[in-house]
Amino acid sequence: MAEALKGHLDSLILAVLATAPAHGYAIIEELKLRSRGVFSLPEGTVYPALHRLERAGLLASGWSDASGRRRRVYRLTRRGRRRLDASKSEWHDFARAVDAVLA
Amino acid sequence: MNYLEELSRELAAHGIGGRTRRRILLEANDHLRSDAAAQERFGSAREVANSFAAELGAQASRRAAVSAFAALGVAGAVYAGSFVSLGFAGPPSETLAPALGALAFAVIIVAPQVAFVAGVLALARALRGRHARTIPTRELIVIRRRTGVALLFGLLTMGALSLYAYEFRSVLPGWWLTLTYTSTAGASVLLALAATPALAASRVRPQVAGDAGDVLADVGVARFGDDPWRFARLIAVAVGLLVWLAAAVRGDPFDGLIQGVFEGLACFGGFAVFGRYLGLRR
C-alpha cells in the first residue's frame, strides 16, 4: 500500500491543501483521517514531497507563530490547483476504466 | 545523539546544508513535538535525509540541465551570428597564424559540437524522467556530467571566439570585433549563471538504486538491441555523409570528403573516449 500510495502522494497532498492551508503534521493527520487510517506513510517521507512541490511552484509556504510554536504552513498556489484538477480528471478516467473492466 | 542531531548529520552527509537543512530540522522538530509517538513513524534519520536528497536532487539536476540548455541556446545563437557576420566582415585569409589564433579556430570547430551533443543528451535524459519523483543515483550522475561538460565546452567556445577575434584584430573590422567581444561576454555570463544551479545540484548525494542505461536509453531506439557501439557507428557514418553532402552542394566535394571522414572519425572517437563518462555506453 505504501508503495502504491507514493505514486499518488503529490495529488493527495494537493487535495488536502485545497481545503485549507496546513502544516506538515496536520497534512499527515488529514490524510489519515480522510482515508480512514488506510494511508499511513512513514511520516518523514511527506516532508521531502512538500519541499519538492514547493520548488515546483505548486505550493507556497511561510512560517507562522501559533501558541508559541513556529510552524511552516503550506498552501496551494494557482498552479497547484490546476495540477490538482488535472490529476483528479486523470484519476476519475482511470478509475472508471478499471471499474468497467472489473465489473 | 538525539534524533534531530542525527538527522542534521545525515542531511549534511547527503549534501543538504544551509537554509534548507535548518528548515527541515525546524519542521521535523515541530512534527515530533506534536506527537510524542511520531518519531517511530517518521522513519530513520538516514532514510529521511536520503528521501530529501533523492527528491530535491532529482529536481535540481533536471532544472540545471534545462537551464544549461537554455544558456547553450543563447551561446549557439552567438556562435552562429559570429560566423555569419564573419562572412560580411571578411574572414582572415590565413587562419593558421598566429598560433593562438589557430588554436582558437580549432576549439571553435570542436568545442561547440561537444557542448551541443552533451547539452542535448543532458536535456533528453532530464526530460525522460521528468514525472519521476526520484532518479537512480547513477542516472543522476550521468545528467550532471553531461550538463557540466556542455557548460564547460560552451564556455570554451565563447572564450575561443573572443581569442580568435583578439588574435586577428589587425585584419578584422572594428564592428565585428565589438560585436564578438560583447556577445561572447554576454553568453559567457549566462553560461556561468547556468553553472550555479548545476554546481548546487551536484552537492546533493542521494542513494537510489537503479541503472543509468546508455545512449540507446536516451534515444529510445530498440532496433539496435543492446549494442550502443552499433548505434555510434551509424551516427558517425550519418554525420560524415551529411558533412560531405553539404560540401558537395557548395561545389567542394573533395574537401567535403576529407571533412566528412574527419567528422565521422571525431564523432566515433568522441563516443569511444567520453562514452563511458557521459553514460553513452556501460
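In what follows, every heavy atom counts, from backbone to side chain, and hydrogens, waters and symmetry copies are set aside. Per chain, numbering begins at 1; letters A, B, ... match sequence-line order.
Proximity to chain B (any heavy atom under 4.5 Å) is shown, for A:R70, by both the backbone and the side chain. Within the 4.5 angstrom heavy-atom criterion, no atom of B:A53 approaches chain A. Only the side chain of A:I28 comes within contact range of chain B, judged by heavy atoms closer than 4.5 Å. Heavy atoms of A:A49 lying under 4.5 Å from chain B belong to its backbone as well as its side chain.
Taking the ring centre of A:W63 as origin, the terminal cationic atom of A:R72 falls inside the region bounded by 6.0 Å and 45° from the ring axis.
Remark: aromatic rings of B:F52 and A:H51 are close, center separation under 6.0 Å.
Side-chain N or O atoms of A:E54 include none that pairs as donor or acceptor with a backbone N or O of A:L59 at under 3.5 Å. Judged purely by atom type and a 3.5 angstrom limit, A:S35 uses its side chain to pair as donor or acceptor with the backbone of A:K32.
Contact count against chain B (heavy-atom pairs under 4.5 Å) is highest for A:R52 among A:H23, A:R52, A:R55. When each of B:Q59, B:H31, B:E40 is checked for heavy-atom pairs under 4.5 Å with chain A, B:H31 comes out on top. Between chain A and the options B:E55, B:E47, B:R33, B:R63, the largest number of non-hydrogen pairs under 4.5 Å is found for B:E55.
Heavy-atom neighbours of chain B within the stretch residues 75-96 of chain A, taken at a separation under 4.5 angstrom, are nonexistent.
Residues B:N50 and B:H14 are in side-chain contact: their nearest non-hydrogen atoms beyond the backbone lie under 4.5 Å apart.
Residues satisfying the ring-ring contact (aromatic ring centres under 6.0 Å, His included) test with B:F116, not counting sequence neighbours, are none.
The distance from the CG atom of B:L56 to the OG1 atom of B:T20 is 7.0 Å, given to the nearest 0.5 Å. Put simply, CG on B:N29 and OG on B:S8 are 12.0 Å apart, with the number rounded to the nearest 0.5 Å.
Note on B:E139 versus B:R128: salt bridge recorded, some NZ/NE/NH1/NH2 to OD/OE distance being below 4.0 Å.
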